[in-house]
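Reading through the structure tokens given below for one structure.
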Amino acid sequence: MSKFRAFMKGNVKEAENASLKLDRFDDAIILRPLSAGEADAISDRCYKNKAGRKGKQERVFDAVRYNREICVASMVHPDLNDSELQDSYEVRGADNLYSKMFYLGEATQILEKVTEISGIDLSMDEEIEEAKN
């Protein structure tokens, strides 16, 4: 028996989608975890070149765009690419729909859920307390 058999694709448990109920909507939204490859591709798209010192170009990471894009990529239901849903909010594109459809607090809840189900712990409280002691 191979030492890495447990890591073979057929033996790996599939990650489950998660639902998140937001007060303003009758149905819960459904989110899926993102793979490292998906997050890397989104990260690459979130860099832009800006003029730096003495006109030299610098790569700058847009964290707001990254957070929005991982939330959009994770959204299973509702389908943000649905043209009828986009028409109802008078926007085009999943990113624009997401920005118009959800309030800031809701977007924060979605981001927290996406990072949680994708295995990212954004909470630094424990580390801060440990460092203090």
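Only heavy atoms go into these numbers, but all of them, side chains included; no hydrogens, no water, no symmetry mates. This one's a predicted model, so the numbers in the text were calculated from it and none came from an experiment.
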- prompt: How does the hydrophobic cluster around I30 look, that is, which other residues are in it when side-chain heavy atoms under 4.5 Å mark a link?
  reply: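 Grouped by the 4.5 Å side-chain rule, V76 form the rest of the cluster around I30.
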query: D79: what forms a salt bridge (charged side-chain N to carboxylate O under 4.0 Å, His left out) with it, not counting sequence neighbours?
result: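 For D79 there are no salt bridge (charged side-chain N to carboxylate O under 4.0 Å, His left out) partners, ignoring immediate neighbours.
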task: Identify, with sequence neighbours excluded, every residue that meets side chain to side chain donor-acceptor pair (under 3.5 Å) alongside S35.
output: E38
field: side chain to side chain donor-acceptor pair (under 3.5 Å) against D87, all qualifying residues, sequence neighbours excluded
entry: R92
Looking at [atom1] of [X] and [atom2] of [Y], how far apart are the two atoms once the value is rounded to the nearest 0.5 Å?
X    : Y    : atom1 : atom2 : value
S74  : L111 : OG    : CG    : 10.0 Å
I42  : R68  : CD1   : CZ    : 11.5 Å
T115 : N67  : OG1   : CG    : 8.5 Å
I110 : C71  : CD1   : SG    : 6.0 Å
L31  : E112 : CG    : CD    : 12.0 Å
N17  : I29  : CG    : CD1   : 11.5 Å

query: Which residue pairs satisfy the ring-ring contact (aromatic ring centres under 6.0 Å, His included) criterion with at least one member in residues 9-30, sequence neighbours excluded?
result: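 Qualifying pairs: F25-F102.
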ring-ring contact (aromatic ring centres under 6.0 Å, His included) contacts in which one or both residues fall within residues 26-46, not counting sequence neighbours: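 Non-adjacent pairs meeting ring-ring contact (aromatic ring centres under 6.0 Å, His included): zero.
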- prompt: Can you list every salt bridge (Lys or Arg N to Asp or Glu O under 4.0 Å) pair that touches residues 98-110, not counting sequence neighbours?
  reply: R24-E106
Inter- and intrachain pairs under salt bridge (Lys or Arg N to Asp or Glu O under 4.0 Å), touching residues 14-23, at least two apart: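 Those involving residues 14-23 do not exist here.
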query: How would you list, by chain and number, every residue that makes a ring pair (Phe, Tyr, Trp, His ring centres under 6.0 Å) with Y66, sequence neighbours excluded?
result: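 Here the qualifying residues are F61.
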Pairs under 3.5 angstrom only: tabulate donor-acceptor contacts from the side chains of residues 44-52 to other protein residues two or more places apart or in another chain.
unit_1: R45; atom_1: NE; unit_2: E69; atom_2: OE1; d: 3.1
unit_1: R45; atom_1: NH2; unit_2: E69; atom_2: OE1; d: 2.8
unit_1: K48; atom_1: NZ; unit_2: D62; atom_2: OD2; d: 3.4

message: Less than 4.5 Å apart, side chain to side chain, heavy atoms only: is that true for M101 and L85?
response: yes
query: Near E90 CD, under 6.0 Å, is it more than 12 heavy atoms from other residues, nucleotides or ligands?
result: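 No, CD of E90 has 12 or fewer neighbouring heavy atoms, counting only those of other groups under 6.0 Å.
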What are the two closest non-hydrogen atoms of [X] and [Y], and how far apart are they?
X   : Y   : value
P33 : A15 : CG-CB, 3.4 Å
L97 : L80 : CD2-O, 3.4 Å
Q86 : G93 : OE1-N, 3.2 Å

- prompt: Between S43 and A39, is there a donor-acceptor pair closer than 3.5 Å when you use the side chain of the first and the backbone of the second?
  reply: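 Here the side-chain-to-backbone pair does not exist.
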